[in-house]
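Notes follow the structure.
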Amino acid sequence: MHINPADLQAIFLTIKLASVVTLILLLLATPLAWWLARTHSKSKGVVSALVALPLVLPPSVLGFYFLLAMGPQGAVGHFLSALGWQALPFTFKGLVVASVIYSLPFMVQPLQNAFESVGKNLLDAAASLGASMRRTFFTIVVPLSWPGILTAIILTFVHTVGEFGVVLMIGGNIPGVTRVVSVQIYDHVEAFEYSQAHSLSAMMLIFSFVVLLLIYTLRPNTKSVSH
Amino acid sequence: MEIHVHYQRQNFALDVEMTLQDQGVTGIYGPSGAGKSTLLSVIAGLIQPVSGRLMLDRQVLFDSEKCINVPVHKRRIGIVFQDSRLFPHLNVRDNLNYGFNCLAKKEQRLEFSKIVDLLEVGHLLTQKPHQLSGGEKQRVALGRALLTSPRLLLLDEPLASLDVRLKHQILPFLRRVKDEINIPMIYVSHAIDEILYLTSQIAMLDRGKLLAVGKFQEVIHDEQVLALAQSLGLENVLHTTICEHHPNYGYTAATIGPQKISMPPMNAAIGSQLSVTIAASNIALSTGKIEEISIQNQLVGTVSAIQHVGTRMLVSVDIGGAELIVEITAKALLDMRIEHGSTVYCLIKTQSIHPFPISASR
């Protein structure tokens, strides 16, 4: 294995990015998924479509618009600089913001499916027993959805680890700030350092496979728990 | 409780206006699709009516004009659903405690141990719902709802998903709850025998409309009610007192008011109360007492009403302390010249009398 300090730095940065993004998404996506799972509102279709957009758009398109919006000339950029913040592109914060949006469907969709599979009947039963919505959510919905919640967390983490296009567009390639593993591999290949590229790539491959294996072996449990 | 609701869903409309007694059991009776469960959901707050007003214990639960809609979890109305809806990840104890723990201490009117004993679920406390039989699930669901000390308990066809044997095992528990716990209940069913076993107070619902409310013996004289009851299988439910066992002669004797009736051997103590059912179509009438006949039961009574239902005639006979509905053909009625006030004998074969619930049979 050829892991040099720069590689290690990229690995830690990647883990840090994926962890922060997963945590933020868990907090943001849970209420959104809960709403989507329960609403009969007409805007559900629009919101679902917006959430799913990152699944189909080329990362470069997303990255391009992030760059425009968050850059000093962009609306978000203007707003942030008015608050005295620095512009987001080419910073770790910028990377986090972009990744949160890019990985959104990977968190929202499994959560939404899990919440929906709990079914209205049990929620009605809990309400008839005097439980508020909040109590029902934490005592009934969460325990019955945990395989789905776990799937959502793992998928989001892995997907953030594996992203490349958006990082390159919005984060650039700054060691220790925005140079994550996928970019590091790209650099190695560009520099014809195939053995180092191979080490990192093999790590990614094994890591991704193990994680997916975990999810797919968890799946049957999802069914037995919800029934 | 005052109920005044209008609810609309595609091609189904529910329009109900009634006042329910504040204690005991009220049976809501009607065929499938009559809107019985919808009415319960409206009362519980699970679905919102288009317009109307709901009042319980002088508290307005819903008022479309004043925009009042108390949320489900604040209504203090318990529900037992047809599918028990126990929480699959919690054991029986935690299921029972779920609503109980939502209550403030001073509002916990019923003791955990009392309910557990009453419903005989003590040996199941550590089990998970998937380990329980259908009947056990319903008992736990009933206990879970009771433990919230509801102001009103709604039972939405709680026995419909059980087979006949289990159904008859659960009914005595419902009777026990009715007798020992002072919580008004609404019992929804399309089985008249279940309802009559628990109560004579009945509300008849058909196609979203209320046909009648009141004592069964009174409302049954309404033509529409009777027609509906007959189409669903008309069962007489009689409350008897066991007086003699005659194992050698193969029968048990019981009294209904002043009259004696012989029925199949029953597993009930002398002096105890036992409900029995007799199908209206299993009773014959005669205008005089018949001496040489194998039918043991000849209950004398006075005709109190005669009604056409299609080509059948339904004759109500007051046998003193109870009323029997007898189904005969129009031809028989004509030939026998039976009319209002006639004295008749109701002929009932011993074997067509069934204990209700059936668990009392030997």
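Only a predicted model underlies this, so the values are computations on that prediction, with no experimental measurement involved.
For B:Phe12, the CZ atom counts as densely surrounded, since its 6.0 Å shell holds more than 12 non-hydrogen atoms of other residues, nucleotides or ligands. The neighbour count for B:Lys74 NZ, taken as heavy atoms of other residues, nucleotides or ligands under 6.0 Å away, does not exceed 12. Other residues, nucleotides and ligands place more than 12 heavy atoms under 6.0 Å from the NE2 atom of B:His6. The local environment of CZ in A:Phe164 is crowded, with over 12 non-hydrogen atoms from other residues, nucleotides or ligands closer than 6.0 Å. Around the CD atom of B:Gln23, the shell of radius 6.0 Å holds no more than 12 heavy atoms that belong to other residues, nucleotides or ligands. The environment of CD in B:Gln59 is crowded: more than 12 heavy-atom neighbours from other residues, nucleotides or ligands sit within 6.0 Å. The environment of OH in A:Tyr186 is sparse: at most 12 heavy-atom neighbours from other residues, nucleotides or ligands sit within 6.0 Å.
Nearest heavy atoms, A:Ala131 versus B:His73: O-CB, 3.2 Å.
To the nearest 0.5 Å, the span separating CG on A:Leu122 from NE2 on B:His89 amounts to 8.5 Å. Here the OG atom belonging to A:Ser128 is positioned 9.5 Å from the CG atom belonging to B:Leu153, to the nearest 0.5 angstrom.
Neither the backbone nor the side chain of B:Leu154 comes within contact range of chain A; no heavy atom of the residue lies under 4.5 Å from a heavy atom of that chain. Both the backbone and the side chain of B:Arg144 come within less than 4.5 Å of a heavy atom in chain A. Only the side chain of B:Phe81 comes within contact range of chain A, judged by heavy atoms closer than 4.5 Å. Contact of B:Ile79 with chain A is made through backbone and side chain together, with heavy-atom distances under 4.5 Å.
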Checklist entry - Would B:Tyr98 and A:Ile140 count as a side chain to side chain contact (heavy atoms under 4.5 Å, CB included) if you check the C-alpha gap in whole Å, the side-chain angles of each, and the deciding distance to 0.1 Å? => result CA-CA 10 Å; B:Tyr98 190 83; A:Ile140 307 293; 3.5 Å; yes
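For the side-chain contact (heavy atoms from CB on, under 4.5 Å) criterion with B:Arg85, the lone passing option out of A:Leu123, A:Asp124, A:Leu129 is A:Asp124.
In terms of heavy-atom pairs under 4.5 Å with chain A, the best-connected choice from B:Val72, B:Leu90, B:Asp83 is B:Val72.
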